[in-house]
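Here is the structure we will look at, set down as structure tokens.
From a predicted model like this one, the values you see are computed outputs, not experimental measurements. Residue numbers count from 1 along this sequence.
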Amino acid sequence: MIYPANPKANYLAQKNAIDTAIHEVLDSGWYILGNKVKEFERDFAKYIHADHCIAVANGTDAIHLALRAIGVEAGDAVITVSNTAVATVSAIDWIGAVPVLADIDPETFTIDPSSIRRIMESELGAKVKAVIAVHLFGHPADLEELEKITGEYNLRLIEDCAQAHGARIDDKIVGSIGHVAGFSFYPTKNLGALGDGGAITTSNEAVADKVRLLQQYGWRERYISEEIGYNSRLDELQAAILQCKLEKLEENNDRRREIAAKYNADLANLPVTLPVERSRYHHVYHQYVIMVDDRDGLMDFLKQKEIFTSILYPVPIHRQKGYSERCKSLPDSLQKTEYAADHLLCLPVYPELTDNEVLQVIDGIKSFYSRD
């Protein structure tokens, strides 16, 4: 069987190094906020080209604490997209802020800067304090244009890098461009833990200091809370695992790009819309996403061949019962988002996928379209 993602295969590919790192932590007797966390924070900050990295419990916490650290409060509004993991919007809602949803660029599936501008020119713009740009599927959002718009309106720019570890625009790596960035290390990510994990990166000293206070009860001195804080800590075991995997991240991203190139070449003449990689952008293919008309038919056909695909995300957040009344948007402004949600399909793309398995996926899709 070919799965959409396979975190176990990623573990097995580095099993000896990971097992050794785990046993080092177990033998050390120090399991929370020890040297492994400090080493990972140091090395990940260096990789991202950011001055600071603060490791936290998960990606949702990363966005939540980043928002609080830049001063977003209850009653403020934050612009983001509806075609994202619900975590992005949930983090806004936790604060009591209002998620304002912009439409997407239909080629990259990332936030459309012109949609942000329309929001800022409307009555919704008055309370907007920040923009969260989600680098969806591994392709960076248009950060150059977003920096212009957020600068013009004096907004904070947050990068949601949960699906884009290692993605770049020219030589600038995502997570180093906005005011602050959040990462997830969920097991299926390009850089995945063997459990939950997250991190915040920034080169702003004040923001980093605020995050460190917030992540552990508002403590600067143990047991003394300077302000209300939370409990969001990456544990030593996950830090040790991530440290091992970080060494292979670029190599693994290259393999994802190699698989994507094979898909691009062999699916080019079929009635499917292939993913775009913009000039000067470095896509890391957390997902390889095609757009198809008969999505259910193709999914079922491939499933019969034991090739499993996925949909990220089948229901945009503004359509979901839990959030539909908590989000705002301009009338009829999310049409591209809704079209994408109804047509996109994620093919298997992970570093341990073999060349033969890639060919099986390609042959399966070709067979579907050659049935007549």
Side-chain angles (χ1 to χ4, degrees), residues 1-13 82-87 104 106-109 134 136-139 162-164 184 186-190 192 194 252-253 255-277 283-317 319-321 336-372:
M1 288 188 287
I2 301 175
Y3 299 101
N6 194 338
K8 182 178 179 180
N10 191 244
Y11 159 62
L12 292 175
S82 186
N83 69 319
T84 182
V86 72
I104 60 168
E107 289 188 338
T108 66
F109 306 106
V134 182
L136 199 68
F137 305 143
H139 192 291
Q163 298 185 7
S184 168
Y186 189 79
T188 58
K189 304 301 186 186
N190 292 42
L194 297 183
N252 286 340
N253 281 347
R255 175 58 181 164
R256 288 175 182 269
R257 289 175 57 81
E258 185 178 280
I259 294 168
K262 183 64 175 172
Y263 283 151
N264 287 342
D266 288 12
L267 301 178
N269 295 321
L270 298 179
V272 302
T273 301
L274 301 180
V276 166
E277 181 177 41
H283 198 322
V284 293
Y285 292 98
H286 173 66
Q287 300 291 335
Y288 183 94
V289 178
I290 61 174
M291 298 277 278
V292 295
D293 288 332
D294 186 7
R295 179 172 65 186
D296 291 344
L298 178 56
M299 287 187 76
D300 290 342
F301 184 84
L302 293 174
K303 185 177 180 180
Q304 291 172 19
K305 296 179 177 292
E306 297 190 323
I307 300 169
F308 295 90
T309 54
S310 61
I311 302 171
L312 273 68
Y313 297 92
V315 182
I317 294 169
R319 287 183 183 173
Q320 297 182 25
K321 181 179 179 181
K336 295 171 185 174
T337 296
E338 293 178 349
Y339 182 85
D342 291 340
H343 291 83
L344 64 81
L345 182 65
C346 304
L347 303 185
V349 57
Y350 51 90
E352 296 75 28
L353 201 65
T354 67
D355 290 345
N356 183 57
E357 288 171 329
V358 173
L359 288 175
Q360 288 181 56
V361 176
I362 292 167
D363 289 344
I365 296 172
K366 286 183 174 179
S367 296
F368 176 78
Y369 286 107
S370 64
R371 291 169 300 165
D372 297 334

Side-chain touch Tyr288/Leu274, heavy atoms, less than 4.5 angstrom = yes
ask   = Between atom CD of Gln360 and atom CE of Met1, what is the distance when rounded to the nearest 0.5 Å?
value = 12.5 Å
ask   = Does any N or O in the side chain of Gln320 come within less than 3.5 Å of the main-chain N or O of Val315, such that one atom is a donor and the other an acceptor?
value = yes
key: Test item: Gln287 and Ser310 side chains (from C-beta on) under 4.5 Å apart, heavy atoms   = yes
message = Asp296: which residues meet the side chain to side chain donor-acceptor pair (under 3.5 Å) condition with it, sequence neighbours left out?
response = none
ask   = Which heavy atom of Pro7 sits nearest a heavy atom of Pro187, and at what distance?
value = CB-O, 3.6 Å
Residue pair Arg256 / Val284: nearest heavy atoms and the distance that separates them = CD-O, 3.3 Å
inquiry  = Check whether Arg255 reaches the backbone of Tyr350 with its side chain - one donor and one acceptor, N or O, closer than 3.5 Å.
reply    = no
Check: His283 main-chain N/O paired with Glu277 side-chain donor or acceptor under 3.5 Å = yes
note = Of all heavy-atom pairs linking Tyr285 and Val349, the shortest is O-CG1, 3.8 Å
ask   = Rounded to the nearest 0.5 Å, how far does CG of Asn6 lie from OG1 of Thr188?
value = 11.0 Å
Smallest separation among heavy atoms of Leu344 and Arg295, with atom names = O-NH1, 2.8 Å
Nearest atoms (heavy-atom pairs only) where Ser367 meets Lys305 = CB-CE, 4.4 Å
request  = Measure from the side-chain N and O atoms of Asn10 to the backbone N and O of Gly192, and report whether any donor-acceptor pair falls under 3.5 Å.
outcome  = no
inquiry  = Could you go through Asn190 and Gln163, starting from their C-alpha distance and side-chain angles, then the distance that decides it, and tell me whether this counts as side-chain contact (heavy atoms from CB on, under 4.5 Å)?
reply    = CA-CA 7 Å; Asn190 292 42; Gln163 298 185 7; 5.9 Å; no
query = When rounded to the nearest 0.5 angstrom, what distance separates CD in Glu306 from CD1 in Ile2?
reply = 9.0 Å
task = Kindly determine whether Leu12 and Glu352 satisfy side-chain contact (heavy atoms from CB on, under 4.5 Å), including the steps that lead there.
result = CA-CA 10 Å; Leu12 292 175; Glu352 296 75 28; over 6 Å; no
query = To the nearest 0.5 Å, what is the distance between CD1 (Ile290) and CG (Leu347)?
reply = 4.5 Å
inquiry  = As a quick check of understanding, evaluate side-chain contact (heavy atoms from CB on, under 4.5 Å) for Arg319 and Ser82, giving each step before the final call.
reply    = CA-CA 9 Å; Arg319 287 183 183 173; Ser82 186; over 6 Å; no
task = Go through the steps to decide whether Thr84 and Ile317 satisfy the test side-chain contact (heavy atoms from CB on, under 4.5 Å), and finish with yes or no.
result = CA-CA 8 Å; Thr84 182; Ile317 294 169; 3.6 Å; yes
query = How many angstroms lie between CD in Glu338 and CD1 in Ile104, if you round to the nearest 0.5 Å?
reply = 10.5 Å
task = Indicate whether any N or O donor in one side chain lies under 3.5 Å from an N or O acceptor in the other, for Tyr369 and Asp294.
result = no
query = Less than 4.5 Å apart, any side-chain heavy atom of Pro348 and any of Thr309?
reply = yes
message = Strictly by ring-ring contact (aromatic ring centres under 6.0 Å, His included), give each pair with a member in residues 293-312 just once, sequence neighbours left out.
response = Phe301-Phe368
ask   = Got a sec: does the OH of Tyr263 have more than 12 other heavy atoms crowding it under 6.0 Å?
value = yes
task = Return yes when atom CG of Asp300 has more than 12 non-hydrogen atoms of other residues, nucleotides or ligands closer than 6.0 Å, and no otherwise.
result = yes
ask   = Within the distance-only criterion (no hydrogens, no angle test), does the side chain of Asn83 pair as donor or acceptor with the backbone N or O of Phe109 below 3.5 angstrom?
value = yes
query = How long is the span from the OG1 atom in Thr337 to the CG atom in Asp342, to the nearest 0.5 Å?
reply = 11.0 Å
inquiry  = Among Val361, Asn269, Leu270, exactly one meets side-chain contact (heavy atoms from CB on, under 4.5 Å) together with Lys366. Which residue is that?
reply    = Leu270
query = With sequence neighbours excluded, what pairs up with Glu357 under the salt bridge (Lys or Arg N to Asp or Glu O under 4.0 Å) test?
reply = none
query = With Leu345, which of Val272, Leu298, Val289 fulfils side-chain contact (heavy atoms from CB on, under 4.5 Å)?
reply = Leu298
task = State, to 0.1 Å, how close Tyr313 and Leu136 come at their nearest heavy-atom pair, and which atoms those are.
result = CE1-CD1, 4.2 Å
